Engineer: 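Okay, handing you the structure first.
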Amino acid sequence: MNEERIPLADILNATRVPYIPAQLSAPTGLVNDTLGRPLRDLRISVTDRCNFRCSYCMPKEVFDRHYVFLPQSSLLTFKEITRLARIFVAHGVEKFRLTGGEPLLRRHLEVLIEMLANLQTPEGKPLDITLTTNAVLLAKKAQSLKDAGLQRVTVSLDALDDAIFRRMNGVDFPVKDVLKGIEAAQKVGLWPIKINMVVKRGVNDAEILPMARYFRHTGAMLRFIEYMDVGATNGWRMDEVLPSGQVIERINAEFPLAAIDPNYIGETAERWRYADGAGEIGVISSVTQAFCSDCTRARLSTEGKLFLCLFASKGHDLRALLRGDYADDQIAAAVSHIWRARTDRYSELRTALPAKGEVPRSLSKRVEMSYIGG
Ligand code: SAM
């Protein structure tokens with residue numbers, strides 16, 4: 001990698017230093033956006049690198065050996081992430097999800113987990129810390145992650161058929177090693193586990209039922225994600241999206257399902273349970289039913305930009321504050337200012353957010369993918 005080249009993401013957003021209100025008021029544990037949605041959930045991308053080249057996410061034609069990933073100096077350090085995390089907790093964040101890229105590629109990730117696990121909510125409660133992974137390194141790291149304070153993991157697995165899975169992950173990685181990672185997670189108590197399957201019609205939709213059969217009775221929660229457009233690079237086409245409604249229909253025909261209430265307001269997955277008591281599944285309908293109305297999530301990119309929406313094309317450069325001469329109360333005020341201004345028709349969207357039933361198009365530029373992370 002040529003370290004002297006400046007990643008496009010940095011050039012595009014270099015000037016967006018967040019505004020710091022003159023009047024600094026201490027965080028109260030609750031900050032609402034313009035639609036009254038509190039800030040509860042922060043997804044932290046710890047690396048822009050991945051050991052998979054999934055065609056729908058980081059296709060190998062784009063992420064080849066010439067692709068310039070962020071230099072180490074651009075990444076937030078663990079100290080910087082923890083400093084921000086403390087500020088977000090003071091504003092009411094209760095849940096952190098570590099993601100990427102592939103988060104287990106970030107060296108010494110356990111150290112960050114331990115630092116985050118030492119934080120508490122303003123009421124003195126522990127935080128919910130989880131991680132989304134492709135599981136390549138999970139069998140090796142499950143115990144140390146658990147020891148560091150990680151509570152749960154979500155594993156991405158798009159097929160049980162080995163040929164389909166190897167093709168989809170773009171690096172010929174076998175299913176059996178992902179299953180070993182899942183077993184290891186269960187063994188050490190990183191449980192209940194969630195399994196994310198991105199469904200592409202004509203590519204892996206024949207795997208819906210085998211996946212459902214496999215994970216019934218295991219306690220794992222299988223979630224089917226509608227295939228999303230992530231910019232120009234994944235060649236997204238609407239006819240490759242299998243609406244969640246059809247996923248439910250197919251499973252229901254073999255195993256009757258009943259809808260269940262969300263665990264909490266703002267949960268991304270719509271939950272269903274097997275009528276015979278074999279467990280539950282979820283569907284994430286990011287295309288056919290964008291779930292904006294109760295969204296309490298923010299995303300922190302690898303290089304420290306805060307995104308208020310999966311479909312936002314620009315982030316707010318918190319790293320500029322961390323590395324500038326700003327105190328915690330100033331950064332907290334900036335974060336609060338950013339969140340309070342958040343709307344549904346988010347002004348920085350390249351296109352308006354989809355109304356229910358519409359299809360979101362032209363998502364963020366590929367260069368900003370490092371913040372998407374599950
Ligand atoms: N590398 C980790 C993993 O594989 O879980 C974390 C990052 S990955 C980007 C997070 C989640 O986003 C995965 O479950 C992945 O399947 C999902 N994802 C990525 N691209 C997607 C797309 N185009 N449509 C729907 N889901 C997508």
Side-chain angles (χ1 to χ4, degrees), residues 43-60 62-63 69 96-106 109 130-138 141 145 150 152-159 165 168-171 173 175 177-178 181-182 185 190 193-201 203-205 207 211 220-238 240-244 247 268-269 282-291 297 299-302 307 310-311 359-366 368-374:
R43 301 190 174 201
I44 304 173
S45 174
V46 293
T47 178
D48 59 336
R49 289 157 201 260
C50 191
N51 38 10
F52 275 6
R53 287 293 177 271
C54 300
S55 54
Y56 56 76
C57 185
M58 291 178 67
K60 57 179 164 213
V62 179
F63 294 85
F69 287 96
F96 295 116
R97 177 176 292 279
L98 302 180
T99 180
E102 170 48 42
L104 298 185
L105 288 181
R106 179 80 186 249
L109 187 71
T130 180
L131 174 148
T132 303
T133 175
N134 58 27
V136 171
L137 297 168
L138 189 56
K141 288 183 168 249
L145 293 168
L150 190 70
R152 290 174 292 109
V153 286
T154 296
V155 168
S156 302
L157 176 62
D158 296 331
F165 183 65
M168 284 186 83
N169 66 49
V171 295
F173 195 78
V175 169
D177 289 354
V178 176
I182 294 171
L190 289 170
I193 201 169
K194 289 177 185 164
I195 311 291
N196 278 353
M197 171 178 174
V198 175
V199 180
K200 274 186 90 173
R201 194 202 293 268
V203 175
N204 67 335
D205 61 317
E207 288 293 291
M211 288 279 284
M221 182 174 172
L222 176 59
R223 310 187 314 167
F224 300 91
I225 308 179
E226 287 176 349
Y227 163 50
M228 291 184 291
D229 182 5
V230 290
T233 55
N234 72 347
W236 185 89
R237 295 201 329 252
M238 184 59 196
E240 286 184 323
V241 177
L242 185 78
S244 294
V247 173
T268 46
V283 287
I284 301 180
S285 313
S286 4
V287 176
T288 58
Q289 288 198 341
F291 30 79
R297 280 175 299 284
R299 293 162 190 274
L300 184 63
S301 76
T302 315
F307 290 86
L310 182 58
F311 303 133
V359 177
R361 292 308 324 267
S362 306
L363 302 195
S364 55
K365 291 175 291 300
R366 181 71 242 186
E368 295 288 12
M369 188 56 190
S370 69
Y371 78 89
I372 287 187

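Whatever order the structure lists ligands and atoms in, that order sets their numbers, starting from 1. Predicted model, so just to flag it, every value in this text is computed and none were measured.
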Engineer: With a heavy-atom distance limit of 4.0 Å, tell me whether Asp229 approaches ligand 1 through its side chain, its backbone, both, or neither.
Structural biologist: neither
Engineer: If the condition is side-chain contact (heavy atoms from CB on, under 4.5 Å), which residues does Ala220 pass it with, not counting sequence neighbours?
Structural biologist: Trp191, Ile193, Ile195, Phe215, Thr218
Engineer: Could you walk me through whether Thr154 and Arg97 pass side chain to side chain donor-acceptor pair (under 3.5 Å), step by step?
Structural biologist: CA-CA 9 Å; Thr154 296; Arg97 177 176 292 279; 3.0 Å; yes
Engineer: Which of the atoms in ligand 1, numbered in the order shown and given with their element, are less than 4.0 Å from a heavy-atom of Asn196?
Structural biologist: 14 (O)
Engineer: Out of all atoms in ligand 1, which are within 4.0 Å of some heavy atom of Val198? Include the element for each.
Structural biologist: 16 (O), 25 (C), 26 (N), 27 (C)
Engineer: Side chains of Thr302 and Ser45: do they bring a donor and an acceptor to under 3.5 Å?
Structural biologist: yes
Engineer: Side chains of Glu102 and Thr47: is there a donor and an acceptor less than 3.5 Å apart?
Structural biologist: no
Engineer: Looking at ligand 1, does any of its N/O atoms fall within less than 3.5 Å of an N/O of Tyr227?
Structural biologist: no
Engineer: Would you please name every residue forming a side-chain contact (heavy atoms from CB on, under 4.5 Å) with Ser244, sequence neighbours left out?
Structural biologist: Glu226, Val283, Ser285
Engineer: Hey, which atoms in ligand 1 end up nearer than 4.0 Å to a heavy atom of Ile225?
Structural biologist: 25 (C), 26 (N)
Engineer: Using a heavy-atom cut-off of under 4.0 Å, does the side chain or the backbone of Asn134 touch ligand 1, or both, or neither?
Structural biologist: both
Engineer: What's the shortest heavy-atom distance between Tyr227 and Glu240, and which atoms?
Structural biologist: CE2-OE1, 3.5 Å
Engineer: Check the pair Leu242 / Val247 against side-chain contact (heavy atoms from CB on, under 4.5 Å), numbers first and verdict last.
Structural biologist: CA-CA 7 Å; Leu242 185 78; Val247 173; 3.8 Å; yes
Engineer: So is there a nitrogen or oxygen of Met228 less than 3.5 Å from a nitrogen or oxygen in ligand 1?
Structural biologist: yes
Engineer: With a 4.0 Å cut-off on heavy atoms, does Ala135 reach ligand 1?
Structural biologist: no
Engineer: Is it the case that Asn134 and Asn51 place a side-chain donor and acceptor less than 3.5 Å from each other?
Structural biologist: yes
Engineer: For ligand 1, find out whether one of its N or O atoms is nearer than 3.5 Å to an N or O atom of Asp158.
Structural biologist: no
Engineer: For Gly101 and ligand 1, does the shortest N/O to N/O distance drop below 3.5 Å?
Structural biologist: yes
Engineer: Taking the non-hydrogen atoms of Glu226, is any one of them nearer than 4.0 angstrom to ligand 1?
Structural biologist: yes
Engineer: Between Tyr56 and Met228, is a side-chain contact (heavy atoms from CB on, under 4.5 Å) present by the stated rule, with each step listed?
Structural biologist: CA-CA 8 Å; Tyr56 56 76; Met228 291 184 291; over 6 Å; no
Engineer: Please work out whether any backbone atom (N, CA, C, O) or any side-chain heavy atom from C-beta onward of Thr99 is under 4.0 Å from ligand 1, and answer side chain, backbone, both or neither.
Structural biologist: side chain
Engineer: Can you figure out which of Ser286, Cys57, Ser55, Cys50 has its heavy atom closest to atom 9 (C) of ligand 1?
Structural biologist: Cys57
